[in-house]
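Computed from a predicted model, the values in this text were never measured in an experiment.
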Amino acid sequence: MRKMKAWKDAGLPLSTPSNEACKMFDATLTQYVKWTNDKSLGGIEGSLSKLKAADPTFVMGHAISNGLVLIGTGSSVRLDRELDLAVKTMVKISKTQPLTRREQLHVSAVETFAEGNFPKACELWEQILRDHPTDMLALKFSHDAYFYLGYQEQMRDSVARIYPFWTPDVPLSNYVKGIYSFGLMETNFYDQAEKLAKEALAINPTDAWSVHTVAHIHEMKAELKEGLEFMQRSENHWKDSDMLACHNYWHWALYLIEKGEYEAALTVFDNHILPSLRASGTMLDVVDSCSMLYRLQMEGVSVGQRWQDVLPVTRKHSQDHVLLFNDAHFLMASLGARDSQTTRELLTTLRDASESPGENCQHVLARDVGLPLCQALVEAEDGNPDRVVELLLPIRYRIVQIGGSNAQRDVFNQLLIHAALNCTSSVHKNVARSLLMERDALKPNSPLTERLIRKAATVHLMQ
């Protein structure tokens, strides 16, 4: 763990007289990058406690602490008085001591992100990276924010611009390969992405994020055999990465759903995904749980009482409206559990948020994308497929703006296809055929697509 001098020598000086604070900042940052809590340090929470005890006025300590809560998207300054006070305290402290320009920009970026203006926060992190290309905190925070915005090219290019500076002697440099590979994969540069991810795994097989990128590549190319073998082969290396293991198991389950092996997929849900959700309650585990059950349900699989297992976690957040991507998944849970009151509250408060003034990018996007998407989920549940198509078809190329990965957002593509297959209106007669031809062209050899094409043939749509 780097002390004060090491940070200064790296061109990233930290404004604190405490070596312990510098070391705990490094420990926190390292765990964030590795997607794991180091038990010997008390995890991220323990590291932050030691950091704050070592120097309560360490501004970068406040920036990483607040930034991690915000980037987790489980809360916001609107909902959490303690978080609101913590962000205000960070800003106040930053005005009482001499800071470097880089540190001032970090404070401004976290404050801007807290206000819901994610694009502006990214601009501030990019300013840091132009002058300090090896600032991992700016790189990771911007990468995650781009992901939430659906800014796929920016997510890729942000890393491309600084990648040559991350030579092997720079701490955490091998993890930058994995971060870069994910942006390449999301923009369909599959060969380059796989090469980089495998380079990272050759250096460190426990790099769960690089495993995750390879899992995505096999998913996008419908390489089910290769994907399942890869996950089985690498499982022992990533299963203890407590922040990402659940998501990697979700990818494993996607291969099984694609193959039509539904019982095996439900076993993954019961053994790994639901226990992780109950233990952590993190937004990643929430959306994985909801997405998986929704996909199985669309395939005609009975998921039993599992929506009732998920609902207690999602219901607490149904009026948060931090991320539209999260909102859509909370809605899947309340619909699946037949909780009409929570469904109503979610939609009403989302509509209110969409009409509120301010620069919150998610609330602005709710007007044109979030609300129609959520309404489409309700119409699907109510058995109105024509209405689903009317709502989703005009916004299908804008759904990327709610964030998430291509694989995660595919649940909405599937929803549109299923609705189109069940339409009664002659106006929508050929929508399913068009969408299935497109899907087959983009992802050949997909058993799921083949099943949908067979279903379309039975209703005389593929002639």
Cationic N near anionic O, under 4.0 Å, Arg306 to Asp270: yes
Sidechain-backbone polar pair: Tyr190 side chain, His218 backbone, donor-acceptor under 3.5 Å: no
Validation row, ring centre Phe58 to ring centre His62 under 6.0 Å: no
Side-chain heavy atoms of Lys443 within contact of Glu258, under 4.5 Å: yes
Side chains of Asn326 and Thr73, donor plus acceptor under 3.5 Å: yes
Centroid separation His251 to His212 less than 6.0 Å: yes
Backbone N/O of Arg295 and side chain of Glu299: donor-acceptor pair under 3.5 Å: no
Aromatic ring proximity Tyr32/Phe141, centre distance under 6.0 Å: yes
Residues Thr187 and Arg156: side-chain donor-acceptor under 3.5 angstrom: yes
Aromatic ring pairing His216/His247, orientation class (parallel under 30°, perpendicular over 60°, tilted between): tilted
Output field: ring centroids Phe25/Trp7 closer than 6.0 Å: yes
Check: Trp35 ring centre within less than 6.0 Å of Tyr175 ring centre: no
Ring centres under 6.0 angstrom apart (Phe113, Phe118): yes
